[in-house]
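Here's the structure we're looking at; comments come further down.
Numbering starts at 1 and runs along the sequence shown. Keep in mind that the numbers below use all heavy atoms, side chains included, and drop hydrogens, waters and symmetry copies.
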Amino acid sequence: MIHPKDHLDGLNDRQIEAALHLEGPLLIVAGAGAGKTKTITHRIVNLIKNGVAPEKILAVTFTNKAAKEMRERIMSAMGAENLLEWGLSQAGGPRGSAPRARGDSDRTREGFSAPFVSTFHSLGVYIIKENARLLGLTKYFTILDEGDTTTLIKNILKDLGIDPKMYDPRKIKNIISREKGKFVHLTDYAEQENGTLGKIVAQVWNLYEKQKTKENSLDFDDLLLKATKLLKENEEIRKIYQEKWEYIHVDEYQDTNEVQYLMSKLLSEKNRNICVVGDADQNIYSWRGANLKNILSFEKDYPNAKIILLEQNYRSTQNILEAANEIIKKNKYRPDKNLFTKNKTGEKIGLYEALDETDEAEFVATKVLEIMDKGSAFSEIAVLYRANFQSRALEEAMLRYNIPYQVLGVKFFERKEIKDTLAYLRAALNPDSLSDIKRIINFPTRGIGKVTLAKIFANDKENLPTKVKIKVNNFYETLEEIRREIKILKTSEVIKFVVKKSGIEQELASGTEEDRERLENIKELATLALKYDNLTEGAGVEKLLEDASLASDQDSLIERGTKKELVNAVKLMTVHASKGLEFKGVFITGLEDGLFPHERQNEVEGQDMEEERRLFYVALTRAKEKLFLSFANFRTIFGSRQINTPSEFISDIPADLLEREGEAKGIKTIYI
């Protein structure tokens, strides 16, 4: 075994212990800011230094941002240890055909071996594409985003004669998604549900699956479900991937749902070299299906597992950590741990009692300017809130004080003009994607109406009027031409070709100021596409479409092309969206009973309250140096002005850690 001093400098004793563990199951319980990514990176490097071929290693996480960071750290560490060349010599050079053109593949460039680092969804795409025929798909299947899925379900409801206002398509989508996440299949769900809503969901679900099959498309949940189902039911396929990846790493294990849990278990069951990293105190996604029992039961699943606790925090000051420890220790469903740090004591936590949401936002804005005067950058500051509606007052205050800000969650790929451009690419590669055809066949305007579209979808093009038939044929010829160019041109050049050939450029350039801004956004898409230009024969477009479909909220924080003005901006986001991020200064707003902790219905044995407490713990531990808490005596919610009491979380923090910030504007009234 390689001696730790050779390549593990900078790690603490627990981190070194985790990095040196080579064989068998390993659970790393890593508290917030405890250096888990650093630990995983060094463990992977240590495996390679001890003779494991890099391409035998798989690392899976949840967000593109986390996967990108982990991939870059691993490649940097491998480069520092001359392991890129090692990978080439030990693995015998490239095997078989040329490396797959994928950003998260196990080949960084031809001849250099690397671990496969990916999100769960990207891993699902990888497995599905390699086995598309077995699943009745073509290679160029379409990945439906949340908006596409909701629209499809809404149309199905209308076809069934069901009013979408009575039965919300988003609610039905969420029910289907939750069931898929629990590895429940349509037939099982239909047999179990007897209520009116359950029967409608089963009916819609059935037609929804048929429509996706017809369009050669999958939704987000299918990417996990179909890949896992294939691994579970096809022993031959399962063995291929078990032999491909002998060492499995799963980050944020506390956030895995039933399908992700099963996928990890199936991939690792032969070699049992599975390393999972997580923190029960940061499980905040039960509403998405994340199951806390997966991490709490790891020792039961793997009786010989080694457990290592990472409790040293490298991010926050002592005062912030002490507050976080006091908050989370009230929860019962957690393994006992206590974060500590060698960082400075730091400033006390600021607490502001606002009159209302306007006063609260005013406080945040003026305090941001104070922080700026002390030498911080706007980008080092985040304002967190429990619910999206809270951002309105905060945005208005930022505008009043001329503070640059960015609302996390406004995705670049969700802009209409971007979706339209990408729809041309998807429709060119997958002509069966009726959703994409419907979206673009009359954009720019071609005089093709709903009746014509219905005939096209019914394969009745021959009976169209001659003039209309010419227009339709021209549209499909445009798609065919785009398809040919995809195979020849670089990805960025394909975007430019699509915009010109489709008529989008002419349409937007001659339109309003808003239209011209949309054209600028499409040009930004071409700039972004430059990073895919090294992938040939259409692989770059394929990867761009995949990345666009799987983009998360946090990806909107990543600097894109030429639009750098948003980089140095205060970040506004929900606490959920802040997971995995850190900032020099953090504001946690809206700390009122009923808002944070959020008022939930059907609370089960206090578990919902425990999740709210975990959510507050996550919010606290985003801060490195300065933390501000605020609440409002009055807040207007859904048009109704409410009187609030402060969140119980505030009183849970020791008084000696808090300091009052100013006085609320206006007259304060005390109600008894």
Side chains of [X] and [Y]: is there a donor and an acceptor less than 3.5 Å apart?
| X | Y | answer |
| --- | --- | --- |
| Gln282 | Tyr617 | no |
| Tyr208 | Asp219 | yes |
| Thr589 | Glu360 | no |
| Glu353 | Asn633 | yes |
| Asn294 | Thr256 | yes |

For this session: Classify the angle between the aromatic ring planes of Phe298 and Tyr253 as parallel (below 30°), tilted (30 to 60°) or perpendicular (above 60°).
Result: perpendicular
Exercise. Relative to each other, are the rings of Phe616 and Phe649 parallel, tilted or perpendicular (30° and 60° limits)?
Worked result: parallel
For this session: Please check if the side chain of Ser578 supplies one atom and the backbone of Leu581 the other of a donor-acceptor pair under 3.5 Å.
Result: no
Problem set entry | Sidechain-backbone polar pair: Glu661 side chain, Phe628 backbone, donor-acceptor under 3.5 Å | no
Salt-bridge contact [X]-[Y] (side-chain N to carboxylate O under 4.0 Å):
| X | Y | value |
| --- | --- | --- |
| Lys374 | Glu370 | no |
| Arg614 | Glu611 | yes |
| Arg516 | Glu520 | no |
| Lys579 | Asp255 | yes |
| Lys165 | Asp163 | no |
| Glu357 | Arg635 | no |
| Lys36 | Asp279 | no |

From [X] atom [atom1] to [Y] atom [atom2], the distance as rounded to the nearest 0.5 Å:
| X | Y | atom1 | atom2 | value |
| --- | --- | --- | --- | --- |
| Ser379 | Lys571 | OG | NZ | 5.5 Å |
| Tyr385 | Ser630 | OH | OG | 13.0 Å |
| Asp608 | Glu612 | CG | CD | 7.5 Å |
| His598 | Leu615 | NE2 | CG | 10.5 Å |
| Glu625 | Asn319 | CD | CG | 12.5 Å |
| Arg518 | Thr512 | CZ | OG1 | 7.0 Å |

Exercise. Between Val259 and Phe120, does a side chain to side chain contact (heavy atoms under 4.5 Å, CB included) hold up when you go through it step by step?
Worked result: CA-CA 10 Å; Val259 175; Phe120 268 108; over 6 Å; no
How close do [X] and [Y] get, counting heavy atoms only, and between which atoms?
| X | Y | value |
| --- | --- | --- |
| Pro335 | Leu296 | CD-CD2, 3.8 Å |
| Leu339 | Asn325 | O-ND2, 2.8 Å |
| Pro646 | Phe631 | CG-CE1, 3.6 Å |
| Ser549 | Ile143 | OG-O, 3.5 Å |
| Arg439 | Ala423 | CD-CB, 3.9 Å |
| Pro164 | Lys158 | CG-CG, 3.9 Å |

For this session: With sequence neighbours excluded, tell me which residues meet salt bridge (charged side-chain N to carboxylate O under 4.0 Å, His left out) with Asp281.
Result: Arg334, Lys337
Exercise. Under the salt bridge (charged side-chain N to carboxylate O under 4.0 Å, His left out) test, which residues partner Lys531, sequence neighbours left out?
Worked result: none
For this session: Please step through salt bridge (Lys or Arg N to Asp or Glu O under 4.0 Å) for the pair Asp148 and Lys419, ending with a clear verdict.
Result: CA-CA 10 Å; Asp148 298 330; Lys419 293 192 76 169; 3.6 Å; yes
Applying side-chain hydrogen bond (donor to acceptor under 3.5 Å, both in side chains), name anything that partners [X], two or more places apart in sequence or on another chain.
| X | result |
| --- | --- |
| Tyr167 | none |
| Thr341 | Asn343 |
| Glu380 | none |

Can you tell if the side chain of [X] reaches within under 4.5 Å of the side chain of [Y], non-hydrogen atoms only?
| X | Y | value |
| --- | --- | --- |
| Glu395 | Val407 | yes |
| Tyr261 | Asn291 | no |
| Thr37 | Arg73 | yes |
| Phe634 | Thr358 | no |
| Lys329 | Asp336 | no |
| Glu311 | Phe340 | yes |
| Ile153 | Val204 | yes |
| Phe587 | Leu627 | no |

Problem set entry | Neighbour count above 12 (heavy atom, 6.0 Å) for Lys624 NZ | yes
Exercise. Under 6.0 Å from the NZ atom of Lys182, do we count more than 12 heavy atoms belonging to anything else shown?
Worked result: yes
For this session: Taking the six-membered ring for Trp and the full ring for Phe, Tyr or His, determine whether the centres of His576 and Tyr285 are under 6.0 Å apart.
Result: yes
Exercise. Should Lys416 and Asp420 be marked as a side chain to side chain contact (heavy atoms under 4.5 Å, CB included) after you check the CA-CA gap, both sets of side-chain angles, and the distance that decides it?
Worked result: CA-CA 6 Å; Lys416 180 186 181 300; Asp420 289 338; 2.7 Å; yes
For this session: Test the Lys367-Tyr352 pair against the cation-pi criterion, namely NZ or CZ under 6.0 angstrom from the six-membered ring centroid and within 45° of the ring axis.
Result: no
Exercise. Checking salt bridge (Lys or Arg N to Asp or Glu O under 4.0 Å) for the pair Glu146/Arg170: CA distance, chi angles, key distance, verdict?
Worked result: CA-CA 9 Å; Glu146 301 266 342; Arg170 286 173 298 180; over 6 Å; no
For residues 652-659, which side-chain donor-acceptor pairs fall under 3.5 Å, sequence neighbours excluded?
from: Asp652; atom 1: OD1; to: Lys330; atom 2: NZ; distance (Å): 2.8
from: Asp652; atom 1: OD2; to: Arg613; atom 2: NH1; distance (Å): 2.8
from: Asp652; atom 1: OD2; to: Arg613; atom 2: NH2; distance (Å): 3.2
from: Glu659; atom 1: OE2; to: Lys626; atom 2: NZ; distance (Å): 3.4

Problem set entry | Stepwise side chain to side chain contact (heavy atoms under 4.5 Å, CB included) test for Phe220 and Leu550 | CA-CA 8 Å; Phe220 284 174; Leu550 301 181; 4.0 Å; yes
For this session: Take Leu572 and Gln406 through the side chain to side chain contact (heavy atoms under 4.5 Å, CB included) test and state the conclusion after the steps.
Result: CA-CA 6 Å; Leu572 274 56; Gln406 182 181 15; over 6 Å; no
